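For reference, the structure discussed in these notes is given below.
Here the structure is a predicted model, which is why all the values come from computation and not from measurement.
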Protein chains: 2
Amino acid sequence: MITKRSSRPLTLRDVSEASGVSEMTVSRVLRNRGDVSAATREKVLTAARTLGYVPNKIAGGLASQRVNLVAVVIPSLSNMVFPDVLGGVSSELDDTGLQPVVGVTHYSPSREDAVLYDMLSWRPSGVILAGLEHSQAARAMLENVGLPVVEIMDVDGEPIDTAVGISHRRAGSEMAEGILAAGYRRIGFIGTHMPEDHRARKRLAGFEDRLTEAGVTLAAREYYQGGSSLGKGRELTERILTREPDLDFLYFSNDMIGAGGLLWCLEKGYDIPGKLGLAGFNGVDLLDGLPMRLATTDARRVDIGRRAARIVSGKEARPESGVIALSPTIIPGDTIRKP
Amino acid sequence: MITKRSSRPLTLRDVSEASGVSEMTVSRVLRNRGDVSAATREKVLTAARTLGYVPNKIAGGLASQRVNLVAVVIPSLSNMVFPDVLGGVSSELDDTGLQPVVGVTHYSPSREDAVLYDMLSWRPSGVILAGLEHSQAARAMLENVGLPVVEIMDVDGEPIDTAVGISHRRAGSEMAEGILAAGYRRIGFIGTHMPEDHRARKRLAGFEDRLTEAGVTLAAREYYQGGSSLGKGRELTERILTREPDLDFLYFSNDMIGAGGLLWCLEKGYDIPGKLGLAGFNGVDLLDGLPMRLATTDARRVDIGRRAARIVSGKEARPESGVIALSPTIIPGDTIRKP
DNA sequence: TTGAAAGCGCTAACAA
DNA sequence: TTGTTAGCGCTTTCAA
């Protein structure tokens with residue numbers, strides 16, 4: 001390949017001149033659109049390669065009014081859960097010519113507004129965003145863009161257009177069910193103090209409601225700030241068990257702190273799952289190699305990403321109801337007694 | 001905010017008509033550019049908000065020949081290392097008006113070519129990509145784009161424009177140094193079989209070279225395919241120690257499998273670090289809550305992301321030499337004997 | 001199968 | 001401080 005350094009980027013016109021073919025036909029060849037003779041096609045491709053031409057999608061997008069981008073707006077990347085969702089999105093988008101563009105909100109509604117505004121200004125072909133709770137402004141923007149908008153992760157609420165996710169209320173409720181069935185009664189909860197993490201909040205609500213139905217009250221709670229880590233899990237577990245030594249179950253709001261708690265309890269010689277049961281949430285890979293398998297709920301992250309991408313790309317029709325509710329699957333692991 | 005459903009997206013002209021101000025002045029207000037009277041500004045902003053106008057960056061980019069996007073091309077997201085790099089990039093880009101756009105190559109050179117081509121066709125303001133090894137085609141593209149191009153993670157090689165990273169040869173060599181100083185001699189290595197992971201390869205080369213200098217030969221190796229997990233680490237550790245029971249050290253190519261190996265060894269009752277030493281690579285958070293702190297090397301992921309972003313954004317000048325070599329820092333942990 | 005003309009929505013450059 | 005004009009590099013539409 002021969003290339004020349006030049007301040008001006010190459011344009012279709014350059015390829016047109018180098019190949020002796022009109023710009024229009026060059027454009028057709030480069031996009032595989034319309035009928036072009038093999039000879040012409042060859043001339044054009046050779047010229048383009050020789051020059052090292054890279055098309056300008058900015059100009060193309062403006063002219064065609066179509067942009068092969070999908071905006072994906074998520075709260076966090078450090079979380080171990082959203083990369084999985086992204087993986088699902090990207091694998092399903094792979095053969096569609098669409099490309100995900102990721103924006104991160106750090107669980108801040110105002111950042112979400114800003115990120116959305118920014119992404120919409122690129123006129124993407126669709127929007128995938130986490131959660132059902134958005135500012136007035138964000139809802140207004142999204143209701144009027146005239147694009148597929150898929151809200152993911154959660155189905156407990158009213159979608160703007162379409163929702164793909166699990167019911168976190170149900171996830172919490174079913175875990176409570178399993179814990180009660182196994183005979184645990186003195187139950188403690190450990191989770192982040194994050195008013196903006198609506199899914200964690202709904203999970204706990206579903207969990208407590210189910211306990212209440214059974215006449216059981218949450219015996220203790222421990223909240224923390226900031227990111228989740230094994231260390232945090234240890235620390236909080238120690239704290240809650242020191243405060244309430246007679247707890248017989250700990251429900252963690254995610255697997256990372258759950259795993260930390262599990263490691264701590266094992267070191268301290270707790271009888272698990274006999275005297276103390278444990279459960280997390282998410283179903284992350286990390287749990288695979290721990291000394292004991294933590295009970296958890298598979299949040300269907302990859303599936304959610306895939307289905308959302310299928311809808312945005314038009315592979316799958318938006319359901320009449322606007323909601324695709326996947327089932328949160330309980331993975332019993334070894335940290336809950338068999339009933 | 002009043003919005004109306006319309007098939008045609010709003011344009012500057014709509015805001016211009018609604019506010020009775022010329023398109024040009026509307027544009028100035030919306031970009032905070034040039035002198036505009038407070039009264040006019042107010043009229044424009046009110047009109048824009050009332051209509052729910054979202055600017056079209058496609059058109060803006062074409063007209064101004066500038067696009068506030070930075071292409072970030074990395075091998076993987078599921079890796080636990082690249083999200084950290086991204087965090088560094090994005091935090092440093094936050095106040096520059098530049099936005100990262102992420103492309104993932106899955107360690108495939110041909111995917112890298114495709115992703116780069118695609119991203120360059122958006123005419124970004126700069127490119128950050130992992131590694132120094134690229135196809136001819138990729139190098140040609142990047143040498144001629146006339147943008148800042150920062151290759152990250154690695155400095156052992158010739159950058160196209162600028163490199164920010166650590167020397168993986170040195171990281172391997174220094175770890176070998178530490179292991180030898182602690183008196184270990186029967187050393188085994190566990191790593192991925194990934195010809196395209198050049199950094200892992202260089203680390204091992206540096207490691208072995210240092211051993212050779214000391215007259216020590218690697219006593220065993222175990223390779224695996226696919227992703228890293230605690231489970232993989234356990235499995236491989238068991239395999240290598242079964243095959244070569246008299247090893248006194250295991251060097252893992254990353255912390256995830258290292259942590260798996262550590263957990264396995266602790267369960268089996270190995271005397272660590274007395275009879276058997278262990279070390280990983282990366283310095284990930286995960287290590288914090290394990291029963292014992294795995295020795296590792298901090299790969300400076302966040303710093304690398306930050307510095308790369310500073311260069312691309314012009315906050316920091318490209319160094320004369322084109323290379324910014326950060327120091328890989330050894331974190332001794334508890335799994336290497338004190339010399 | 002190929003080409004010519006017009007214009008996508010915005011901003012640079014200049015004029016008033 | 002505000003407005004006018006002329007494109008940015010492509011693709012759509014229509015004609016040949």
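Within the nucleic acid shown, A/R66 comes within 4.0 Å of sugar-phosphate atoms alone, with no base atom in reach, counting heavy atoms only. Base contact: B/D35 has a heavy atom under 4.0 Å from a base atom. If you check every strand for non-hydrogen atoms under 4.0 Å, A/R123 touches nothing.
Closest-nucleotide positions on DNA chain D for B/R41 and A/Y53 were compared, and the one nearer the 5' end corresponds to B/R41. Each of B/A63 and B/T40 was assigned the nucleotide of DNA chain D with the nearest heavy atom; the assignment lying further toward the 5' end belongs to B/T40.
B/Q65 places its CD atom 13 Å from the P atom of C/dT11, with the value rounded to the nearest Å. Atom CH2 of B/W122 is separated from atom C1' of D/dG9 by 13 Å (rounded to the nearest Å). Rounded to whole Å, atom C1' of D/dC8 lies 18 Å from atom NZ of B/K57. Here C/dC14 presents its P atom at 20 Å from CD of B/E23, a figure rounded to the nearest Å. In this structure, the CE atom of A/M24 is 14 Å from the P atom of D/dC14, given to the nearest Å. Across the protein-nucleic acid pair, A/I58 atom CD1 and C/dT11 atom P stand 13 Å apart, rounded to whole Å. When the P atom of D/dT11 is taken as reference, atom CG of B/L62 falls 12 Å away, rounded to whole Å. Atom CG of A/L10 and atom C1' of D/dG9 are 13 Å apart (whole Å).
When each of B/R306, B/R307, B/R300 is tested with B/D303 by the rule side-chain hydrogen bond (donor to acceptor under 3.5 Å, both in side chains), just one qualifies, namely B/R300.
Within the 3.5 Å criterion, the main-chain N or O of B/D161 finds a donor-acceptor partner in the side chain of B/R318. Panel note: side chain A/D154, backbone A/L132; no donor-acceptor pair is recorded below 3.5 Å. Between the side chain of B/E151 and the backbone N or O of B/I160 there is at least one donor-acceptor pair closer than 3.5 Å. A donor-acceptor contact shorter than 3.5 Å is absent between the side chain of B/S125 and the backbone of B/V70. A distance-only check finds a donor-acceptor pair linking the side chain of B/K315 to the backbone of B/E92 [under 3.5 Å].
Taking side-chain N and O atoms only, A/S22 has a distance below 4.0 Å to OP1 or OP2 of C/dG3. Using a 4.0 Å cut-off, no side-chain N or O of A/R13 falls inside it from OP1 or OP2 of D/dG9. Applying the 4.0 Å criterion to OP1 and OP2 of C/dT2, one finds that A/S37 has a side-chain N or O inside that range.
Of the listed nucleotides (D/dT11, D/dC10, C/dG3), D/dC10 has the atom at the smallest distance from the side chain of A/N56. Comparing D/dT11, C/dA12, C/dC10 against the side chain of A/S64 picks out D/dT11 as the nearest. Nearest nucleotide to the A/S27 side chain, out of D/dT4, D/dC10, D/dT11: D/dT11. Distances were taken from every side-chain heavy atom of A/L12 (C-beta onward) to each of C/dT11, C/dG9, D/dC10; the shortest belongs to D/dC10.
With hydrogens and angles ignored, a donor-acceptor pair under 3.5 angstrom links the side chain of B/R28 to the base of D/dG3.
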